[in-house]
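Any value given below was found using the heavy atoms of this structure, including those in side chains, with hydrogens, waters and symmetry copies removed.
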Amino acid sequence: MSTSTGPRTAPRVLLDAAALSGCRRRVHLDHAPSASERPRALPDPAIEQRRADAAAHRERIGELLARTWGADWASTWPDGAAASAGAGAGPRAARAERTAELVAAGAPLIWGAVLPVDGDRRGTAELLVRAPTGGYVPLLVVRRRITDPGEGARTTAVTDPWPQRARHDPDRKVRSQPRDLLALAQLTRLLQAAGWAPPESAPRLGGVIGLDADVVVWHDLRAGHWPGGRSTLEEYDARFADRAAVARSAATGGPALAAPSRITECRRCPWWPTCEAELEQVDDVSLVAHGETARLLRESGVATVAGLAALDPAAPPAELTGPLPGPPFSDLVALARARRRGLAVARRVPRVPVSRADVEVDVDMESFGESGAYLWGALLTLPGGARDGDPETGYRAFATWDPLPTRDEGRSFGEFWTWFTGVRATALASGRTFAAYCYNEQAENRWMFASAQRFAGMPGVPTEAEVRAFVADPCWVDLYGVVSTWFLCAQGKGLKKIAPAAGFSWRDPEAGGENSMRWYRAAVALDGGEPDPVQRERLLGYNTDDVLATHALREWMSSDRVLEVPLVSELRDATG
């Protein structure tokens with residue numbers, strides 16, 4: 001005997017705004033019924049930490065606004081708290097009901113709003129602000145920088161979150177953050193669907209409070225910020241329709257509307273093991289040529305790494321209608337050939353030019369997000385031989401273990417700068433040459449300038465002009481630039497990728513910038529309790545190895561051992 005169960009109800013698809021600025025393939029995998037059977041990456045503690053930091057940032061902003069606006073401020077969180085752990089957290093149904101009650105009552109400021117679901121979309125807003133024309137506009141609180149020095153942004157003070165008071169800001173320009181604009185657009189569409197938006201004739205505005213928490217930046221969602229002059233709302237509508245179609249097809253077992261292809265986002269995606277296996281199986285060209293470059297190559301008939309490696313480096317496919325973004329075509333062919341041979345690097349020149357000196361210092365800095373730089377590590381070596389009065393060679397650390405942000409950071413930086421410039425002055429005074437090395441100077445330069453600004457006048461802290469003169473001096477050598485110029489790197493250019501080619505390995509198997517964030521929290525007891533001395537030692541060991549890796553890399557590039565690395569010109573065909 002059989003019974004009919006009737007028509008099967010299609011699985012529900014609900015998309016948050018994050019799906020609009022991310023990978024289409026991820027949307028598919030997030031909604032495919034078979035997803036639970038596919039390999040995923042382990043949870044990334046660094047991502048979890050950033051989420052926790054963002055939640056704490058939102059909570060601080062909520063508490064500030066609650067103190068400022070008193071009875072005009074209302075929260076959907078239990079007991080009227082300013083807590084916010086992100087979309088989907090907390091008693092969502094109860095908060096949605098409370099949001100509706102506060103809207104009906106005309107509350108001026110509604111914190112932690114959960115908006116009514118509309119079709120395939122849902123959303124939460126840190127704040128809904130009642131507009132003078134009636135209805136509400138959304139406001140986000142994010143833990144990233146949303147402005148740069150300049151002019152032209154429309155802002156209000158962070159404690160004055162009313163869009164009608166926004167004025168031209170002579171000191172700030174908007175930093176492009178497409179995901180914020182798309183999130184505001186999704187909230188606007190949800191408000192419209194619920195009947196909670198301002199009248200159609202009113203401006204369509206949305207606000208963002210960023211990491212610095214000094215202003216609200218107000219965006220006109222009808223302005224043409226996107227390619228072709230499309231407004232944010234027009235761009236949002238097109239993207240949402242696309243992502244919703246991808247999700248619905250995946251959820252109902254339909255065809256996959258998004259194929260895997262390697263892009264920047266893959267580095268932090270939990271689905272990367274699944275996509276990597278699929279790409280490896282078909283030898284997909286995006287394993288070498290990422291993003292838009294891979295798409296254009298596929299359209300020209302080059303779909304695999306082997307196919308790319310077999311091409312003439314001087315003759316791009318005739319089907320290409322214009323130049324490829326990213327590396328030159330000849331480099332892409334060489335990278336494909338290097339990958340086929342399992343090579344991490346290949347030389348562009350017979351001898352790699354690396355500036356060397358009689359007195360050398362390798363430098364590496366450790367920072368904690370945007371909060372500051374808590375550790376400057378340095379390794380002094382004397383290739384030209386020691387002289388009387390020279391400082392002791394070896395590694396030394398200049399650290400603060402007061403939780404960042406702290407004025408003690410200025411003390412540690414001042415001590416580092418005093419020692420560092422003292423070594424340089426001693427070398428030059430004795431007629432010797434001096435050089436200092438780092439790997440990717442953007443980080444060190446950023447925090448040298450920031451420290452000079454924030455701790456001006458503290459003992460040992462240089463002026464901005466002194467920092468500017470130093471970073472412009474040829475004695476400051478960025479080995480990342482040397483590697484980028486004279487090597488092709490088939491597996492990435494990060495120090496952790498390149499130093500092993502020089503024979504260096506880290507003692508800590510979990511060594512990495514992201515993990516160091518977690519170690520730092522324990523080292524200074526950011527989450528309460530007692531500081532963990534074991535994690536302090538772990539951070540010092542990690543920094544020591546980063547400095548030693550920098551030293552090992554330049555020694556290798558200056559030695560005959562580098563000649564063991566094949567020249568790009570020797571990678572003559574796909575099989576080596």
*Asks:* I need the minimum non-hydrogen distance between S430 and R387, along with the two atoms involved.
*Replies:* O-NH1, 3.0 Å

*Asks:* Going through the checks in order, is the side chain to side chain contact (heavy atoms under 4.5 Å, CB included) test met by V361 and W419?
*Replies:* CA-CA 11 Å; V361 178; W419 173 84; 4.1 Å; yes

*Asks:* So, D283 side chain and A306 main chain: donor-acceptor pair closer than 3.5 Å or not?
*Replies:*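 Checking the backbone N and O of A306 against the side chain of D283, a donor-acceptor pair under 3.5 Å is found.
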
*Asks:* Could you pull out the closest heavy-atom pair between M365 and A443, with the gap in Å?
*Replies:*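 Here M365 and A443 meet closest at CE-O, 3.6 Å.
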
*Asks:* Among F413, F416, F398, Y520, find the residue that satisfies the ring-ring contact (aromatic ring centres under 6.0 Å, His included) test when tested with Y374.
*Replies:*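 One option only clears the test, and that one is Y520.
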
*Asks:* Answer yes if the side chains of N543 and Y395 hold a donor-acceptor pair under 3.5 Å, and no otherwise.
*Replies:*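 Yes.
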
*Asks:* Which heavy-atom pair separates P350 from L563 by the least distance, and what is that distance?
*Replies:*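 Here P350 and L563 meet closest at O-CD2, 3.3 Å.
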
*Asks:* Quick one, F487 and V562 - any side-chain contact, counting heavy atoms below 4.5 Å?
*Replies:* yes

*Asks:* Are any of the side-chain nitrogens in D53 or R521 under 4.0 Å away from the carboxylate oxygens of its partner?
*Replies:*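 Result for this pair is yes, salt bridge flagged.
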
*Asks:* Is the closest basic N to carboxylate O distance between R356 and E555 below 4.0 Å?
*Replies:*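 Salt bridge: yes.
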
*Asks:* What are the two closest heavy atoms between L495 and A549, and how far apart are they?
*Replies:*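 L495 and A549 have their closest heavy atoms at CD2-CB, 4.1 Å.
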
*Asks:* Specify the closest pair of heavy atoms between L540 and A397, including all atoms of both residues, with the distance to one decimal.
*Replies:* CD2-CB, 3.7 Å

*Asks:* Give the C-alpha distance, both sets of side-chain angles, the deciding distance and a yes or no for side chain to side chain contact (heavy atoms under 4.5 Å, CB included) between L553 and V483.
*Replies:* CA-CA 10 Å; L553 181 61; V483 168; 4.1 Å; yes

*Asks:* Is the shortest side-chain N to carboxylate O distance from R411 to D402 below 4.0 Å?
*Replies:* no

*Asks:* Look at the side chain of D532 and the backbone N and O of A523, then say whether any donor-acceptor pair between them is shorter than 3.5 Å.
*Replies:*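 Side chain of D532 to backbone of A523, a donor-acceptor pair under 3.5 Å: no, none is there.
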
*Asks:* Indicate yes or no: at least one non-hydrogen side-chain atom of L382 is less than 4.5 angstrom from one of V359.
*Replies:*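 Answer yes - side chains close enough.
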
*Asks:* Is there a side-chain contact between R339 and L335 (heavy atoms, below 4.5 Å)?
*Replies:* no

*Asks:* Apply side chain to side chain contact (heavy atoms under 4.5 Å, CB included) to R25 and W271, showing your working.
*Replies:* CA-CA 9 Å; R25 182 64 178 178; W271 292 114; over 6 Å; no

*Asks:* Quick test of your reading of the model: are D545 and R507 salt-bridged, counting only N-O distances below 4.0 Å?
*Replies:*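 A salt bridge is present here (some side-chain N lies under 4.0 Å from a carboxylate O).
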
*Asks:* Give a yes or no answer on whether the side chain of Q177 reaches the backbone of R145 with a donor-acceptor pair at less than 3.5 Å.
*Replies:*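 Here the side-chain-to-backbone pair exists.
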
*Asks:* With no hydrogens and no angle check, just 3.5 Å: does a side-chain donor-acceptor pair link S261 and R298?
*Replies:* yes

*Asks:* So, R175 and D148, do they make that salt bridge, N to O below 4.0 Å?
*Replies:* yes

*Asks:* Mind listing the closest non-hydrogen atom pair of R348 and S484 along with its distance?
*Replies:*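 Taking R348 first and S484 second, the nearest heavy atoms are NE-O, 4.3 Å.
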
*Asks:* Would you tell me whether D362 and T550 have side-chain atoms, one donor and one acceptor, within less than 3.5 Å of each other?
*Replies:*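 No donor-acceptor contact under 3.5 Å links the two side chains.
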
*Asks:* Could you check whether R341 pairs with E570 (Lys NZ or Arg NE/NH1/NH2 to Asp/Glu carboxylate O, under 4.0 Å)?
*Replies:*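 Looking at E570 together with R341, the answer is no, because their closest N to O distance does not fall below 4.0 Å.
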
*Asks:* Does E292 pair with R295 as a salt bridge, N-O distance under 4.0 Å?
*Replies:*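 Yes, charged N to carboxylate O under 4.0 Å.
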
*Asks:* Considering the options F470, F455, W376, W447, which one meets the ring-ring contact (aromatic ring centres under 6.0 Å, His included) requirement together with W417?
*Replies:* F470

